[in-house]
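Quantities reported herein were computed from a predicted structural model and do not represent experimental measurements. Worth knowing before you read on, the calculation uses all heavy atoms, side chains too, and leaves out hydrogens, waters and symmetry mates.
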Amino acid sequence: MADRLSPRLERFAARLARFDPAALIRLKDGWAWGRLPWDVLVRIPFDTAGDYVISATSLERRPDTDWRTSLPPFGKGHEQVVEVVPASVIKSAAAAAAQTLREVNSGGLRGRAVGQRVIRDALLDHVVISGRSDVDGSEFAVSQRLVQAIVRMGLLEGDNVDVLVAGPWTGLGSTTGSAWHRTSPPLAVRPLR
């Protein structure tokens, strides 16, 4: 399979595998999808027919049942651009998070030692951009999870980044790909009275 894949898909796979050696890629309807360990889906355009799964490490085909993550609704009419943000804002947000992590790792938080995982999780949940759509009035919030995904996966190209919404999913998109995070739980369970 590896000899038929584009260099772009191979770079995408290598970046995914760097974050998670067991990462999978789902090729579906013109897109290659991957899941990052911080609960974000990333995608790039990839000319493919059908729907199948490959390993990000070996690029060999895997059983479709190995992919256990739902995808945002996509295609015409599902994704809406609700805001356009300069790419420099996204780069600055990513750099600020990295600087905060370095400072806390070296000196603690207000003089107290704090675990790196606690700080990392708090930074990932931090809302960097929020607003209300001019299109339909829906509110949106872009967390550092999306910022880190689009920057660290090498998907930040061009002067601007689109803030996207598709149902309960929020995304950041550029000309080379996008990152998506589900802003509400996929299933709500309520007790019977």
Side-chain angles (χ1 to χ4, degrees), residues 12 14-25 33-44 56 67-73 79-133 137-158 160-174 176-190:
F12 180 75
R15 285 182 176 133
L16 277 174
R18 184 180 63 197
F19 296 115
D20 178 6
L24 299 173
I25 298 172
W33 293 87
R35 185 177 185 277
L36 294 168
W38 56 92
D39 200 27
V40 172
L41 291 175
V42 287
R43 75 174 187 191
I44 60 169
W67 181 270
R68 295 188 178 105
T69 304
S70 64
L71 299 176
E79 297 172 16
Q80 290 184 348
V81 176
V82 294
E83 188 67 60
V84 177
V85 178
S88 61
V89 169
I90 302 299
K91 289 176 189 173
S92 293
Q99 180 63 29
T100 299
L101 190 57
R102 282 191 298 274
E103 288 173 3
V104 171
N105 282 339
S106 67
L109 183 63
R110 295 186 186 133
R112 290 186 8 228
V114 180
Q116 185 175 358
R117 183 178 204 138
V118 171
I119 294 300
R120 187 199 70 210
D121 289 347
L123 284 171
L124 288 174
D125 288 336
H126 176 72
V127 174
V128 177
I129 302 165
S130 63
R132 184 178 301 275
S133 167
S138 61
E139 293 183 6
F140 62 89
V142 175
S143 69
Q144 189 67 247
R145 289 177 189 280
L146 290 169
V147 169
Q148 292 300 317
I150 200 166
V151 169
R152 294 176 80 182
M153 285 297 293
L155 301 176
L156 187 61
E157 288 190 16
N160 295 310
V161 176
D162 293 334
V163 177
L164 306 161
V165 173
W169 295 82
T170 301
L172 286 178
S174 73
T176 57
S178 58
W180 292 87
H181 181 250
R182 189 177 185 115
T183 54
S184 64
L187 176 64
V189 178
R190 297 184 185 150

May I have the list of side-chain donor-acceptor pairs in residues 92-101 shorter than 3.5 Å, sequence neighbours left out?
unit_1	atom_1	unit_2	atom_2	d
Ser92	OG	Ser88	O	3.0
Gln99	OE1	Arg102	NH2	2.8
Gln99	NE2	Glu103	OE2	2.8
Thr100	OG1	Ala96	O	2.9

Search all heavy atoms of [X] against all heavy atoms of [Y] and return the closest pair with its distance.
{"X": "Val161", "Y": "Ala87", "value": "CG2-CA, 4.0 Å"}
{"X": "Ile44", "Y": "Thr176", "value": "CG2-O, 3.5 Å"}
{"X": "Thr170", "Y": "Leu146", "value": "O-CD1, 3.6 Å"}
{"X": "Ala166", "Y": "Pro73", "value": "CB-O, 3.5 Å"}
{"X": "Leu16", "Y": "Ala56", "value": "CB-CB, 4.2 Å"}
{"X": "Val163", "Y": "Phe140", "value": "CG1-CD1, 3.7 Å"}

Checklist entry - Which is it for Val82 and Leu164 under the side-chain contact (heavy atoms from CB on, under 4.5 Å) test, yes or no, and what are the steps along the way? => result CA-CA 6 Å; Val82 294; Leu164 306 161; over 6 Å; no
Could you give the side-chain donor-acceptor pairs of residues 35-42 under 3.5 Å, partners two or more places apart or in another chain?
unit_1	atom_1	unit_2	atom_2	d
Arg35	NH2	Asp39	OD1	3.1
Trp38	NE1	Arg145	O	3.1

Donor-acceptor contacts, no H, no angles, side chain residues 150-158, under 3.5 Å, sequence neighbours left out:
none

Checklist outcome for this item: CH2 (Trp33) and CG (Leu24) are apart, to the nearest 0.5 Å, by 15.0 Å
Item to check | Nearest-0.5 Å distance, CG of residue Asp121 to NE2 of residue His126 | outcome: 15.0 Å
With sequence neighbours excluded, residues passing side-chain hydrogen bond (donor to acceptor under 3.5 Å, both in side chains) with [X]:
{"X": "Arg132", "result": "Glu139"}
{"X": "Glu83", "result": "none"}
{"X": "Ser130", "result": "none"}
{"X": "Trp180", "result": "Ser178"}

Next on the checklist: The test is side-chain contact (heavy atoms from CB on, under 4.5 Å); show your working for Ile90 and Ile129 and say whether it passes.
Outcome noted: CA-CA 9 Å; Ile90 302 299; Ile129 302 165; 3.9 Å; yes
Next on the checklist: Does any part of the side chain of Ser70, heavy atoms only, come nearer than 4.5 Å to the side chain of Arg182, both counted from C-beta?
Outcome noted: yes
